[in-house]
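Below is one structure, written out as structure tokens; the observations come after it.
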There are 2 protein chains.
Amino acid sequence: MPDDPSLLDQPAPATVEEFRERLAAITDGLPKRLRQCADYIAANTDRIAVSTVADLAAGADVPPSALMRFCQILGYSGFSEMQRLFREAYAPGWPDYATRLSNLKAGGAGSPAALVAEFVEAGRVSLEGLAKSLDPQALDQAVRTLAAAETIHLVGLRRAFPVASYLAYVFEKMAVPAMLHDGVGKLDHRFALRPGDAVLAITFAPYSEETIALAQDAAARGLAVVALTDRLTSPLARAATSVLTVSEVDFGAFRSLSATIALAIALAVAVGSARD
Amino acid sequence: MPDDPSLLDQPAPATVEEFRERLAAITDGLPKRLRQCADYIAANTDRIAVSTVADLAAGADVPPSALMRFCQILGYSGFSEMQRLFREAYAPGWPDYATRLSNLKAGGAGSPAALVAEFVEAGRVSLEGLAKSLDPQALDQAVRTLAAAETIHLVGLRRAFPVASYLAYVFEKMAVPAMLHDGVGKLDHRFALRPGDAVLAITFAPYSEETIALAQDAAARGLAVVALTDRLTSPLARAATSVLTVSEVDFGAFRSLSATIALAIALAVAVGSARD
DNA sequence: CGGTGTTTGGAATATTTATTCCATTTCTGG
DNA sequence: CCAGAAATGGAATAAATATTCCAAACACCG
């Protein structure tokens, strides 16, 4: 490679964060084999700690020597030095959590503690799924829509109701005008929807008729509708100006709300600060 | 060690789960050095994948050869074979989640996507905290109490209301008689509490007066009260027959509900099945 | 098309790491 | 307190893994 001082003489990345930045920065303008290394490493960063040079080289489909050169380009003296970073950083999350989980599960398949372990695991996987599948564009759009609204109408029934009520709580805390459509007394308050308002509708399969009806009504009257649902093909999506999806892993017949709640609060906080 | 066939001739554990079981099974009745190995390995299982024999031996304060013997006692041909198990088992959950998270955060400190990443992380840590700090005894007791009740009265206001309403939903699904005290119209329905019923009260700092009042009232009338709160010293704990605690990591001034929801659903499912 | 500088693959070597072996020490039961 | 068995530590060896080096292939430029 050329002796480009902007890439070479820098000190080696000392944290995983820095490592990713450097990787992204240099990937362009790398020759074929080295780029293969960069791509493979970017997609398999987590395996560095537990692999040998030969393993990774085979994965990237390059000879080991190419991988060595790659490590040196990143600023390390060799593979071992780079690996040390990942071996040391390897722990967060796990310290004795896995032990605990398996102890809880050991209590007996149907025991309450084992159930907690299952739902903890389901929640964790759902959260990771949220991070992986979130569409930042759609989120930005939803935030802009809601931030521009006069009053935000929250609607979510049955399993979605806790989410809607939580949003109502957070909006209240942040002094954002919001109204929770809770269906009490089968009063539907649909004339509370005024021009300039927006609707945040939440529903998951099996979708609530009432929620969809309110969203459609609002859309027909020209109001912006943000949908929080489980699939882009949800019936709610058709009525919506922007759609956010989040899927929860289920355990048996039951489905938690961990990821949905996380997305909801992030949305609320983003809207709250965008309005300031 | 003695040629005890019950410990020796078994095949080596092939999963992490099996590994832990075997470890627990043999630890007693091991000579000093080998027991040091067992203890250290049990407390640092997660580091096997990224350590050398020398590292682990140093940690356990034994010579490397002792650790080798230990691996063989577990049924492996040597350390490398044992390590392979942990290196291969390491993958689930992570595929590119960390990359995604750091990409989301890179979007800008205050960007909506970065907020989602923060709350996802907070939720994950909270869930792990729940797994680590859960007291199975207290949980069993809470389940027994609620399973024995005629009607379960749910009370939780403000931030705890989503949890209470979610519980109401799950109990309904499972055909468990439950009543949600939602405070609509400031009607407090406290005479709905009948002998033989139980109260499941939920509140977090700053604690809701109304929730505590209802719990105290129920306790005074001799009803069982299960508390779901953030600390054992919570004012709710004094009125309760059994106390479950769960703490949420906060991000800025905001606190999610990921762990609380997970505990709640597990509790509800356990109660539901205990009643059958 | 030839020369210069870059990139590449693989074989040779250095280093680290795992594993075995055995002399010595420490237990155990009589 | 002694004999035999078990356990231990460390030095010697084997295996694996990382790293370097260089000849050959390649790309670019005049």
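What you see is a predicted model, and the numbers here were worked out from it, not measured in a lab. Reminder, nothing fancy here: chain letters follow the sequence lines and each chain counts from 1. Just so you know, these numbers use all the heavy atoms, side chains as well, and skip hydrogens, waters and symmetry mates.
For D:dA16, neither phosphate oxygen OP1 nor OP2 lies less than 4.0 angstrom from any side-chain nitrogen or oxygen of B:S80.
Side-chain atoms of B:P64 lie closest to C:dT19 of the nucleotides C:dT19, C:dA18, D:dT19. For A:M68, the side-chain atoms get nearest to D:dT19 when compared with the rest of C:dA18, D:dT19, D:dT8. Comparing D:dT19, C:dG9, C:dA18 by their nearest atom to the side chain of A:R33 picks out C:dG9.
What separates CD of A:Q72 from C1' of C:dT6 is a distance of 16 Å, to the nearest Å. The separation between B:F70 atom CZ and C:dA18 atom P is 16 Å, rounded to whole Å. Atom-to-atom, CD of A:Q83 to P of C:dT17 comes out at 9 Å; the value is rounded to the nearest Å. Taking atom CG on A:L56 and atom P on D:dT17, their separation rounds to 12 Å, with Å as the unit. The CD atom of A:E81 sits 16 Å away from the P atom of C:dT15 (whole-angstrom rounding). What separates CZ of B:R69 from C1' of C:dT19 is a distance of 12 Å, to the nearest Å. When the C1' atom of C:dT15 is taken as reference, atom CZ of A:F79 falls 15 Å away, rounded to whole Å. The distance between atom CG of A:L67 and atom P of C:dG10, rounded to the nearest whole Å, is 15 Å.
A heavy-atom distance below 4.5 Å is found between the side chains of A:L263 and A:L130.
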Please set out all donor-acceptor pairs under 3.5 angstrom arising from side-chain atoms of residues 62-69 of chain B, sequence neighbours excluded.
none

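Residue contacts shown for B:S65 include a base, since a base heavy atom lies under 4.0 Å away.
With B:E18 contributing its side chain and B:A14 its backbone, the two residues share a donor-acceptor pair below 3.5 Å.
In summary, B:R35 and B:D28 engage in a salt bridge, as defined by a charged side-chain N under 4.0 Å from a carboxylate O.
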